[in-house]
Participant: 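If you scroll down you'll find the structure; I have some questions about it.
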Amino acid sequence: MNYDFKKIESKWQKFWTDKQVFKAKLDSKKEKYYCLEMFPYPSGRIHMGHVRNYTIGDVVARYKRMCGYNVLHPMGFDAFGQPAENAAIKHNAHPREWTYKCMDWMKIELKKMGFSYDWDREVATCDPDYYKWNQWIFLKMMERGLAYKKASSVNWCPSCETTLANEEVIEGGCWRCKEPVMQKDLEQWYLKISQYQDRLLDDLGQLSNWSRRVIAMQENWIGKSVGCEVYFKLKENRQTISVFTTRADTIFGATYIVLAPEHPTLRDIEKRISNKDEVVLYIEKAKAKTKLERIEKGKTGVELKGVSTINPVNNEEIPIFVADYVLLEYGTGAIMAVPTHDQRDFIFAKEKKLPMRIVIENPKEKTQTVEDLEEAYVGDGHQINSGQFDGMPNQEAKIKIAQWMQDEGIGKLKTHWRLKDWLISRQRYWGTPIPIVYCKSCGIVGVPDKDLPVELPENIKITGEGGSPLLKVKEFVQVKCPKCKEPARRETDTMATFIDSSWYFLRYCSPKFEKSPFDKKEAAYWMKVDQYIGGIEHAILHLLYSRFFTKFLKDLGLVVIDEPFDKLLTQGMVLKDGEVMSKSKGNIVDPDGIIKKYGADTLRLFILFAAPPEAELEWNEAAIDGSWRFLMRVWRLLERVEDKNSTAELTRKLHQTIKKVTLDMDGGFKFNTAISAIMELVNEIYKQEKVNKDSLEIVVLLLSPFMPHAAEEMWQALGNRETILKTSWPTYDEKFLKVDRVIMVIQIKGKVRDKIEVELNTAKEKLEELVLSRDSVKKWMEGKQLKKFIVVANKLVNIVI
RNA sequence: GCCGGGGUGAUGAAAUUGGCAAACAUAACGGACUUAAAAUCCGUCGGCCGCAAGGCCCUGAGGGUUCAAGUCCCUCCCCCGGCACCA
């Protein structure tokens with residue numbers, strides 16, 4: 001019996017489509033399961049990363065469906081973005097045309113993999129029916145003060161010619177093109193994600209089904225540091241300079257303060273500085289440096305002569321410096337320097353020969369003097385030289401001193417967050433227009449709901465010459481003010497595309513709903529996403545933004561959940577020769593070629609079997625042959641079917657396998673071991689020569705989520721009329737797992753020396769008698785005393801001599 | 001520096017959470033079938049000693065707890081990821 005995978009796979013793909021078997025419908029009587037994979041950018045072709053991501057998701061969806069859940073498994077396209085504009089320039093086609101063509105190609109390839117999507121719910125974010133709701137959500141945010149415009153220094157990618165959010169700057173470069181990011185002063189739109197910082201951090205605690213890795217990444221990104229602000233007064237005019245510290249316990253050791261070169265106070269006190277020329281020169285030099293240059297070099301800085309400040313906790317007069325190792329963007333842009341307990345301050349103070357004072361005793365050193373110090377002591381110890389706090393452990397003093405300063409009015413408890421508001425303006429065409437009109441008399445006016453969507457004009461020229469293409473479309477820019485009807489100007493920036501993907505999982509719940517972004521009833525039923533699957537590269541960007549949007553939509557009353565994704569699986573990358581597959585490295589393996597050569601089922605099997613889903617997967621062409629051989633081995637089992645009952649042994653193996661596979665699926669989707677268990681079962685059947693029909697049916701059912709086409713074909717060949725999809729996942733019966741005799745390991749002093757077959761649950765006394773009388777054991781016991789006889793029931797005995 | 005994850009045969013990996021380390025597969029080697037090849041089937045496959053029976057060693061390194069450690073504890077090395085002159 002020949003296995004013509006081309007015929008068989010397209011036959012079943014057509015069958016599934018025609019019968020609409022993957023269509024999801026709200027059914028309050030059934031328990032739902034929402035399985036979601038991160039939707040792709042429509043580049044035109046799927047790559048191995050997609051294949052892996054979507055294969056994992058498909059197995060989950062198919063398995064859960066067989067387990068009786070009402071499964072929602074949608075797919076769509078994250079269709080806005082710059083590559084469409086670049087392609088438009090290159091091929092002289094409209095970005096819309098190019099994007100939709102790519103989506104069509106990709107759909108064909110996805111269907112060839114046999115993925116079980118409900119295509120009726122397909123969402124494309126570049127569709128006005130979708131981005132209308134981006135605009136609606138934006139306006140709702142603006143009503144609540146969560147979307148606002150401000151002038152600021154922003155990240156600018158000179159190659160993409162657009163602004164970037166902080167999250168889009170990776171190692172100082174643009175996330176898309178890697179070009180070094182510059183700073184530019186611009187007035188731009190922001191979303192106030194900072195208003196949700198506490199909830200975004202605290203609710204990470206709810207995400208027990210997320211990996212520690214992703215949780216840690218988000219924690220780092222949000223970057224909460226608890227400390228206090230301390231008010232230092234200028235001696236000359238009592239002007240306040242605030243500094244931020246997380247180490248209030250070291251404040252008695254503060255022997256000078258340092259301002260960032262950009263600190264505004266510098267301008268205020270300029271006239272008082274006696275070495276003004278030197279200071280101004282230093283500041284200019286510092287500002288000219290890039291951030292990387294500032295970090296590379298040692299610590300430089302100059303003293304502000306003619307001014308000084310008072311340490312508020314001990315009223316000491318101390319000098320003021322300006323130095324570029326202090327950053328304006330962190331804390332208040334000014335620090336108190338404690339050279340004895342901060343390494344940076346230590347290096348600076350040594351260089352400038354500044355005074356130091358130890359205020360925390362290092363418990364490991366007997367006597368300590370400032371002269372002995374070779375580096376700052378940053379560990380814990382008891383306070384000294386700290387007034388009424390002397391003798392207190394520093395961790396306790398940290399809190400007590402901060403509180404005391406707050407009571408005295410010389411400081412304030414404060415928390416610093418690393419997370420900054422989300423810059424969303426992009427100077428590009430292919431994105432959601434920001435629904436704003438600028439009017440001379442009314443100011444910034446939001447487009448009224450009834451006028452949404454603000455559609456992208458079709459009639460544009462994309463030249464790549466810089467500046468937003470929308471600026472040049474008169475009909476788009478020139479509008480009447482929605483309030484006063486006078487001529488006004490439309491906003492020409494579009495929204496960051498990460499907005500599109502921040503709520504698409506909600507749109508899938510009711511993709512054609514017209515009254516609001518989604519139907520509350522449908523969302524209440526389907527959300528949360530039970531299993532979300534995608535790449536680790538979205539650990540911060542997309543996952544943080546989606547959590548933010550979900551919380552906002554909850555505050556709007558549209559959803560009842562705090563978090564959008566219950567379980568998160570971040571699949572590992574697909575590597576070739578130890579490197580990520582990429583065009584530039586020229587090490588791409590095209591999935592389409594593999595499908596043509598082996599079929600989708602073999603590709604699916606290989607990807608699932610070669611490594612656990614979270615681990616990186618090394619592409620190995622030879623190992624694919626192995627998957628193909630296994631599929632053929634299973635296929636040929638059809639020739640071995642007979643009517644007789646199975647042997648007890650095979651029945652036991654069968655039920656053992658059902659149990660093992662079920663546990664692997666439920667306990668974290670360990671597909672690789674699930675498949676290996678089925679391989680063992682198949683090997684067992686081959687040893688038995690024949691297999692009865694019922695047993696083979698179970699093998700087919702167990703394999704069906706992994707290789708759905710071949711499974712359906714075999715299922716039909718075995719005489720079944722109904723599709724496997726309507727068949728339940730097999731269950732195991734403990735009674736078949738029972739054995740009456742077991743083989744136990746005999747250890748002597750923890751080393752395996754022999755094995756013995758005994759009846760199940762043999763008593764310790766009986767075992768002792770049986771084991772000690774064996775020649776192999778006697779040999780080892782010779783001249784030795786039995787100390788202990790340890791029994792692990794039905795597993796092993798250990799003799800201690 | 002801080003936080004998170006790792007380190008097991010030639011290779012991808014497995015090990016019921018403290019109980020036979022290396023399941024399953026890939027590669028390699030040997031054999032059967034074949035005029036031959038492919039396919040298929042059978043066997044060998046961590047290291048050292050030994051003709052063999054068998055013995056000794058082995059999960060990054062070292063120490064510890066335990067009858068028993070890949071798994072728990074301590075010290076250290078290395079790799080990957082995030083954050084970082086973060087005060």
Side-chain angles (χ1 to χ4, degrees), chain A residues 170-171 211-225 227 243-247 250 254 257-258 260 291 294-299 323-327 329-338 341-345 347-348 378 416-418 536-537 539-540 570 605-606 609-612 614-627 629-630 632-633 636 659-660 663-664 667 670 672-683 686 743-755 776 779 787-801:
Chain A
I170 312 288
E171 287 174 1
S211 67
R212 301 181 66 99
R213 183 180 180 198
V214 176
I215 302 270
M217 283 166 83
Q218 293 223 351
E219 271 170 4
N220 285 342
W221 189 261
I222 297 168
K224 180 182 184 178
S225 43
V243 307
F244 177 77
T245 183
T246 57
R247 291 294 306 272
T250 65
I257 69 169
V258 191
K291 201 170 172 185
R294 275 199 188 188
I295 295 166
E296 273 168 20
K297 306 258 166 66
K299 312 271 174 275
D324 65 6
Y325 79 89
V326 174
L327 306 172
E329 61 269 26
Y330 186 79
T332 59
I335 61 154
M336 61 175 206
V338 186
H341 304 293
D342 182 285
Q343 187 58 20
R344 292 158 300 181
D345 298 340
I347 293 168
F348 189 77
V378 294
H416 182 268
W417 299 81
R418 213 196 73 96
I536 189 75
E537 67 274 19
I540 293 170
T570 46
L605 266 179
F606 166 72
F609 177 65
E614 292 89 349
E616 288 183 337
L617 178 127
E618 176 69 33
W619 187 258
N620 181 348
E621 195 85 27
I624 296 176
D625 279 325
S627 293
R629 280 200 289 269
F630 173 66
M632 286 302 99
R633 228 164 120 77
R636 287 195 310 269
K659 185 176 181 179
K660 166 74 178 152
L663 288 176
D664 277 349
K670 294 181 234 163
N672 54 332
T673 49
I675 292 170
S676 75
I678 304 171
M679 286 174 168
E680 281 185 62
L681 172 63
V682 170
N683 289 345
Y686 269 89
I743 293 170
M744 292 181 72
V745 168
I746 300 173
Q747 289 186 344
I748 294 164
K749 277 175 73 183
K751 292 211 156 125
V752 181
R753 297 299 180 192
D754 201 0
K755 285 176 191 183
S776 59
K779 192 177 83 186
K787 252 198 197 158
K788 251 187 194 172
F789 193 84
I790 290 156
V791 177
V792 180
N794 300 319
K795 248 176 205 164
L796 61 73
V797 300
N798 192 5
I799 299 165
V800 189
I801 45 177

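A, B, ... follow the sequence lines: proteins, then strands. Residue 1 opens every chain. All of these numbers come straight from a predicted model, not from anything done at the bench.
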Participant: Measure the acute angle between the ring planes of A/His416 and A/Phe244, then classify it against the limits of 30° and 60° as parallel, tilted or perpendicular.
Facilitator: tilted
Participant: Check the pair A/Ile536, A/Glu614 against side chain to side chain contact (heavy atoms under 4.5 Å, CB included), reporting the backbone distance first and the verdict last.
Facilitator: CA-CA 9 Å; A/Ile536 189 75; A/Glu614 292 89 349; over 6 Å; no
Participant: Determine the interatomic distance between P on B/A37 and the same-named atom on B/C20; round to the nearest Å.
Facilitator: 44 Å
Participant: Quick one: CD1 on A/Ile799 to CZ on A/Arg753, what's the gap to the nearest 0.5 Å?
Facilitator: 11.0 Å
Participant: Quick check on B/U16: syn or anti? Syn means the glycosidic torsion is within 90 degrees of zero.
Facilitator: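 What B/U16 shows is an anti base, its glycosidic angle lying more than 90° from 0.
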Participant: B/A84 C1' sits how many Å from A/Trp221 CH2, rounded?
Facilitator: 12 Å
Participant: On a whole-Å scale, what distance lies between the P atoms belonging to B/C56 and B/A68?
Facilitator: 16 Å
Participant: Measure from CZ on A/Phe606 to P on B/G12 and round the result to the nearest Å.
Facilitator: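 These atoms are roughly 12 Å apart.
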Participant: Report yes if the side chains of A/Thr673 and A/Lys660 come closer than 4.5 Å at any heavy-atom pair, otherwise no.
Facilitator: yes
Participant: Taking the nucleotide of RNA chain B with the nearest heavy atom to each, does A/Val800 or A/Arg212 sit closer to the 5' end?
Facilitator: A/Arg212
Participant: Salt bridge between A/Asp625 and A/Arg629, side-chain N to carboxylate O under 4.0 Å?
Facilitator: no
Participant: Is there a Watson-Crick or G-U wobble partner for B/A25 with both distances under 3.5 Å, and which nucleotide is it?
Facilitator: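 The base-pairing partner of B/A25, which may sit in any strand shown, is B/U11.
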Participant: Given the P atoms of B/A39 and B/G46, what is the spacing between them in whole Å?
Facilitator: 25 Å
Participant: Considering only atom C1', compute the distance from B/C51 to B/G55 and round it to an integer number of Å.
Facilitator: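 B/C51 and B/G55 have their C1' atoms separated by 15 Å.
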Participant: Under 3.5 Å, is there an N or O donor on one side and an acceptor on the other linking the side chain of A/Arg344 and the base of B/A87?
Facilitator: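 Present.
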Participant: Ignoring hydrogens and geometry, is there a side-chain-to-backbone donor-acceptor pair from A/Tyr325 to A/Phe348 under 3.5 Å?
Facilitator: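 Not a single qualifying donor-acceptor pair exists.
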Participant: For B/A84, take OP1 and OP2 only and decide whether either is under 4.0 Å from a side-chain N or O of A/Arg418.
Facilitator: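 So the side chain of A/Arg418 is within the cut-off, an N or O lying under 4.0 Å from OP1 or OP2 of B/A84.
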Participant: How far, in whole Å, is B/G64 from B/C58 if one measures between their P atoms?
Facilitator: 14 Å
Participant: Distance check needed: B/C85 C1' versus A/Phe244 CZ, whole Å only.
Facilitator: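 It is 16 Å, rounded to the nearest whole Å.
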Participant: Take the protein atom CD1 of A/Ile536 and the nucleotide atom P of B/G6, then report the distance between them rounded to whole Å.
Facilitator: 13 Å
Participant: Can you find a heavy atom in the side chain of A/Phe606 that is under 4.5 Å from one in the side chain of A/Trp619?
Facilitator: yes
Participant: With RNA chain B as reference, determine whether A/Ile170 or A/Ile799 sits nearer its 5' end, using the nearest nucleotide of each.
Facilitator: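 Looking at RNA chain B, the more 5' nearest nucleotide goes with A/Ile799.
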Participant: Whether A/Arg753 contacts B/C56 is assessed here as follows: a side-chain N or O lying under 4.0 Å from the phosphate OP1 or OP2. Is that the case?
Facilitator: yes
Participant: Which base, if any, makes a Watson-Crick or G-U wobble pair with B/A87, both distances under 3.5 Å?
Facilitator: none
Participant: Under a 3.5 Å distance rule, please check whether A/Gln218 uses its side chain to pair with a backbone N or O of A/Ala539 as donor and acceptor.
Facilitator: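 Yes: the side chain of A/Gln218 pairs with the backbone of A/Ala539.
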Participant: Whole-Å distance between B/A68 P and A/Met744 CE?
Facilitator: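 After rounding, the gap between these two atoms is 18 Å.
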Participant: What does B/C76 pair with, Watson-Crick or G-U, if both distances are under 3.5 Å?
Facilitator: B/G60
Participant: Could you work out the separation of B/G43 and B/C48 based on their P atoms and round it to a whole Å?
Facilitator: 25 Å
Participant: For A/Val378, answer base if it contacts any base atom (sugar-phosphate contacts may also be present), sugar-phosphate if it contacts only those atoms, and nothing otherwise; contact means non-hydrogen atoms under 4.0 Å.
Facilitator: nothing
Participant: For B/G63, does the glycosidic angle fall within 90° of 0 (syn) or outside that (anti)?
Facilitator: anti
Participant: Now, which nucleotide makes the Watson-Crick or G-U wobble pair with B/U35, with each of the two distances under 3.5 Å?
Facilitator: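 No nucleotide pairs with B/U35.
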Participant: Could you give the CG-to-C1' distance, from A/Asn220 to B/G81, as a whole number of Å?
Facilitator: 10 Å
Participant: Taking only the P atom of each, what is the distance from B/U11 to B/A28 in whole angstrom?
Facilitator: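 It works out to 15 Å between them.
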Participant: Does a side-chain N or O of A/Lys751 approach OP1 or OP2 of B/C57 to a distance below 4.0 Å, or not?
Facilitator: yes
Participant: Could you check how far CE of A/Met632 sits from P of B/U40, rounded to whole Å?
Facilitator: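 Rounding to the nearest Å, CE of A/Met632 and P of B/U40 are 10 Å apart.
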Participant: Looking only at side-chain N and O atoms, does A/Arg418 offer a donor or acceptor that is under 3.5 Å from a partner on A/Asn220?
Facilitator: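 Not at all, the side chains of A/Asn220 and A/Arg418 share no donor-acceptor pair under 3.5 Å.
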Participant: Identify which nucleotide among B/A87, B/G82, B/C3 has an atom closest to any side-chain atom of A/Ala216, counting heavy atoms from C-beta outward.
Facilitator: B/C3
Participant: Quote, to the nearest angstrom, the P distance that separates B/G5 from B/C74.
Facilitator: 14 Å
Participant: Summarise how protein sits on nucleotides 16-27 of chain B as a single string, 5' to 3': B when a protein heavy atom is under 4.0 Å from the base, S for sugar-phosphate-only contact, - for no contact.
Facilitator: ---BB--BBSSS
Participant: Starting from P on B/A14, measure out to CD1 on A/Ile678 and report it in whole angstrom.
Facilitator: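 Distance check: A/Ile678 CD1 to B/A14 P gives 16 Å.
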